[in-house]
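What follows is a set of notes on a single structure, which appears directly below.
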Amino acid sequence: MNSAHHEGVYYIKKAKDFRGPTNRADNGVLVGGLWSPVGPIECISLSKALGGTTIVAVETVVGSFALPLYDHINDASDQIFGSMKSQNPIFDHPTLQLLEKCQTLDTLKQVHAHMLTTGLALHTFPLSKLLLVSSTLAVSYSLSVFNQIRNPTIFLFNTLISSLTSNHNHLTHIAFSIYNRVLSHKTLRPNCFTFPSLFKACGSDPWFHHGPALHTHVLKFLGPPYDHFVQASLINFYAKCGKVSVSRYLFNQIAEPDLATWNSILAAYAHSSCSGSGSISGWAASLSLEALWLFTEMQNSSIRPNEVSIVALVSACTNLGALSQGTWAHTYVLRNNLKLNRFVGTALIDMYAKCGCLDLACQLFDQLHARDTLCYNAIIGGLAIHGYGRRALDLYEKMKLEGLAPDDVTFMVTLCACSHVGLVEKGCRVFESIKEVYGMEPKLEHYGCLVDLLGRAGRLKDAEERVRTMPMKPNAILWRSLLGAAKVHGNLEIGEVALKNLIKLEPETSGNYVLLSNIYASVDRWDDVNRVRKLMKDQGIVKVPGSSLVEIGGAMHEFLMGDKTHPHLKEVYLKLEEMNKRLSEYGHKPRTREVLFDIEEEEKEDALSYHSERLAIAFALIASHSSAPIRIIKNLRVCHDCHVSTKLISSIYEREIIVRDRHRFHHFKDGTCSCSDYW
DNA sequence: GTAGGGTTAG
């Protein structure tokens with residue numbers, strides 16, 4: 001082969017480094033999207049000359065740099081690539097180094113002018129750098145640079161698309177218009193580098209519906225076997241738009257998943273199970289369990305989990321409240337020398353906090369080196385749900401002192417922290433600061449927190465006023481917190497308004513009807529209770545059964561209200577009887593008002609004492625060590641009677657009982673609860 | 001030039 005024919009052949013990697021299907025290559029030789037003047041025949045000879053190493057990507061960059069390649073032709077390794085790079089005036093061109101350092105558009109323009117005069121701007125690699133840098137400084141400039149390129153290669157189209165989708169979520173429409181130019185191009189075709197960034201952009205509203213069409217393009221332009229990058233982005237896309245089963249189907253098609261595709265499917269299950277209702281439903285729990293199961297399958301394969309896999313595993317444990325497995329994941333990180341980076345750190349902080357081990361969460365937070373806003377959000381949120389409002393506010397201040405900017409989530413968890421302990425004035429100031437100090441517009445969620453803050457504190461009129469004057473339409477969550485506040489403070493008028501709106505938005509959620517009927521029951525309006533009961537019956541709405549999980553010896557035990565299925569049923573009910581007896585010795589009188597329907601008083605008492613957490617506590621008292629705290633995870637909120645009884649039980653049996661309910665934690669100890677009865 | 005990762009009101 002005559003080196004004079006070479007206009008430069010770069011991007012050579014050993015075939016063994018190239019995992020997965022090879023439709024990057026045509027006939028075993030390819031072509032990073034661009035047809036090199038070298039041509040396939042020469043590439044094959046080159047491949048042979050390199051001792052059988054497959055050339056997986058060929059790119060024409062600029063003339064006269066083929067020679068360094070020949071100098072190293074017998075040593076086919078990444079070193080070749082490295083030394084080629086170092087000897088290649090294009091890759092390390094001083095102008096490109098200048099380009100990387102550009103901080104302003106003006107300096108960028110100067111560098112660009114220089115590139116035009118020296119001819120550097122005629123070549124793909126320098127142009128791609130120019131596009132990347134300019135897209136971070138001024139997108140319009142990078143678009144004008146792109147439009148000036150006479151024959152942009154697919155490499156440059158891809159560079160532009162990826163820079164548009166990674167830096168600017170709001171520019172997805174431009175990315176798609178660029179993609180359409182590829183589609184209408186006479187000779188260019190999208191390749192495996194084109195799709196992943198586009199699927200990433202489709203992973204949020206309102207772009208979901210573009211995904212399936214794009215998927216057909218993958219089938220049309222790439223064909224099997226599919227590139228793993230593309231597969232991973234597809235799995236991720238379908239999970240994000242709620243179609244985990246499609247993600248799973250695609251994953252199952254992959255003969256040998258690599259790390260990225262394993263991680264995609266793990267994240268798909270872990271993430272899908274935490275979005276949605278916010279509490280554990282059977283469906284969400286089964287998705288998280290599947291993530292745990294997939295993780296063990298991954299360990300049985302030849303792929304070693306990395307930090308990304310651990311993050312998904314830990315998130316799944318958080319959703320399940322599976323403290324043992326979550327702790328195991330923590331030790332896995334330490335044993336296998338994985339990095340405890342901010343991703344893993346935040347996931348673990350969240351896991352410990354949401355599994356009831358706030359102390360461990362705080363310790364871990366203190367140990368974390370590179371903390372960012374998300375780490376703070378996780379710990380502030382953790383403190384909030386455990387009812388440590390002041391500590392949460394202290395960290396909120398500390399975060400700002402560290403120079404970190406609060407984001408939407410920070411405001412949300414901080415407001416929530418104020419709300420849980422009744423720090424009304426402080427919370428209102430935080431809310432006002434969103435606009436006044438940070439120049440951001442409060443979102444629906446922030447109004448929701450504010451309404452909750454005011455409502456819980458009994459300022460129902462103020463809360464209602466906020467709802468009426470807020471700039472956007474209230475959602476179901478907001479109406480429900482107003483309804484909850486109306487119930488606590490016995491305000492029927494506001495409760496009825498809230499419910500009317502709530503049922504319009506969520507006609508099938510049983511909890512809404514239960515809340516209203518409890519309001520009626522609390523003022524002995526049994527006719528209205530019956531009316532709600534009939535309404536539910538007519539609409540075919542079934543009350544969600546209360547469920548409590550408790551972990552004993554590493555196994556999760558689930559109890560449903562009035563459960564008759566547990567293997568230790570007999571002992572549990574005997575213990576329950578004993579507990580009820582001791583409770584009444586301590587003067588406890590069941591508060592029966594909150595039982596949904598007008599049944600006989602004695603039956604009501606029964607219904608209360610068979611609430612799922614009572615069964616779980618009874619079992620834990622029998623089956624766990626007497627010094628260990630009892631940790632319970634509920635799917636609904638703790639009812640008033642259970643709250644009173646559990647306080648007493650903690651003192652009678654001298655046990656610490658930690659209950660995670662639908663909204664927050666209650667630490668019962670020595671007859672009191674950490675929520676100070678404000679929940 | 002491409003993928004997969006943490007926090008989110010009630």
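Computed from a predicted model, the values in this text were never measured in an experiment. Within every chain, numbering begins at 1; the chains are lettered A, B, ... in the order of the sequence lines, protein sequences first and strands thereafter.
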Gap between atoms NZ and C1', on Lys443(A) and dA9(B) respectively (whole Å): 13 Å
Proximal nucleotide (of dG4(B), dT8(B), dG10(B)) relative to the Asn306(A) side chain: dG4(B)
Rounded interatomic separation in angstrom, taking CG from Leu348(A) and P from dT7(B): 11 Å
Contact under 4.0 Å: Asn475(A) side-chain N or O vs dG10(B) OP1/OP2: no
Presence of Lys354(A) side-chain N/O under 4.0 Å of dT7(B) phosphate oxygens OP1/OP2: no
Proximity to the side chain of Ser419(A) - top-ranked nucleotide from dT2(B), dG10(B), dG1(B): dG10(B)
Sugar-phosphate, base or nothing in reach of Lys339(A), heavy atoms under 4.0 Å: nothing
Euclidean distance, atom CG of residue Asn319(A) to atom C1' of dG6(B) [Å, nearest integer]: 13 Å
Parallel, tilted or perpendicular: ring planes of Phe199(A) versus Phe195(A), cut at 30 and 60 degrees: tilted
Ser162(A) side-chain proximity, nearest of dG4(B), dT8(B), dG1(B): dG1(B)
Nearest-neighbour nucleotide for the Leu444(A) side chain, dG4(B), dG5(B), dA9(B) considered: dA9(B)
Between dT8(B) (P) and Met412(A) (CE): distance, integer Å: 8 Å
Closest nucleotide among dG1(B), dG10(B), dG5(B) to the Asn341(A) side chain: dG5(B)
Tyr438(A) OH: over 12 foreign heavy atoms closer than 6.0 Å: yes
Parallel, tilted or perpendicular: ring planes of Phe431(A) versus Tyr447(A), cut at 30 and 60 degrees: perpendicular
Closest to the Asp452(A) side chain, choosing from dA3(B), dG5(B), dG10(B): dG10(B)
Sugar-phosphate only, base, or nothing, as touched by Asp661(A) at under 4.0 Å among non-hydrogen atoms: nothing
NZ/NE/NH1/NH2 to OD/OE distance under 4.0 Å, Lys634(A) and Asp661(A): no
Phe229(A)-dA3(B) aromatic stacking (under 5.5 Å, under 30°): no
Among dG6(B), dG5(B), dT2(B), the one nearest Ser197(A) by side-chain distance: dT2(B)
Which residues share a side chain to side chain donor-acceptor pair (under 3.5 Å) with Asn263(A), sequence neighbours left out: Asn306(A), Ser309(A)
Whole angstrom value for the distance that separates P of dA9(B) from CG of Asp407(A): 13 Å
Row check, Phe251(A) ring normal vs Arg248(A) NZ/CZ: under 6.0 Å, within 45°: no
Spacing of Leu131(A) atom CG relative to dG1(B) atom C1', expressed in whole Å: 10 Å
N/O (side chain, His228(A)) to phosphate O (OP1/OP2, dG4(B)) under 4.0 Å: no
Sugar-phosphate, base or nothing in reach of Arg371(A), heavy atoms under 4.0 Å: nothing
d(CG, Leu222(A); C1', dT2(B)) in whole Å: 12 Å
Lys443(A) atom NZ, over 12 foreign heavy atoms within 6.0 Å: no
Touch class at under 4.0 angstrom, heavy-atom based, for Ser128(A) against every strand present: nothing
Face-to-face stacking of Phe343(A) with dG5(B), centres under 5.5 angstrom, angle under 30°: yes
Spacing between Arg466(A) atom CZ and dA9(B) atom P, to the nearest angstrom: 20 Å
Minimum-distance nucleotide (side-chain atoms of Cys449(A) versus dG4(B), dA9(B), dG6(B)): dA9(B)
Sugar-phosphate, base or nothing in reach of Asp372(A), heavy atoms under 4.0 Å: base
Nearest listed nucleotide, side chain of Pro196(A), among dT2(B), dG10(B), dG6(B): dT2(B)
dT8(B) phosphate, OP1 or OP2, under 4.0 Å from Asn377(A) side-chain N/O: no
Sugar-phosphate, base or nothing in reach of Ala312(A), heavy atoms under 4.0 Å: nothing
Touch class at under 4.0 angstrom, heavy-atom based, for Thr346(A) against every strand present: base
side-chain N/O Arg456(A) vs dG10(B) OP1/OP2, d < 4.0 Å: yes
Shortest side-chain distance from Phe155(A), nucleotide among dA3(B), dG1(B), dG10(B): dG1(B)
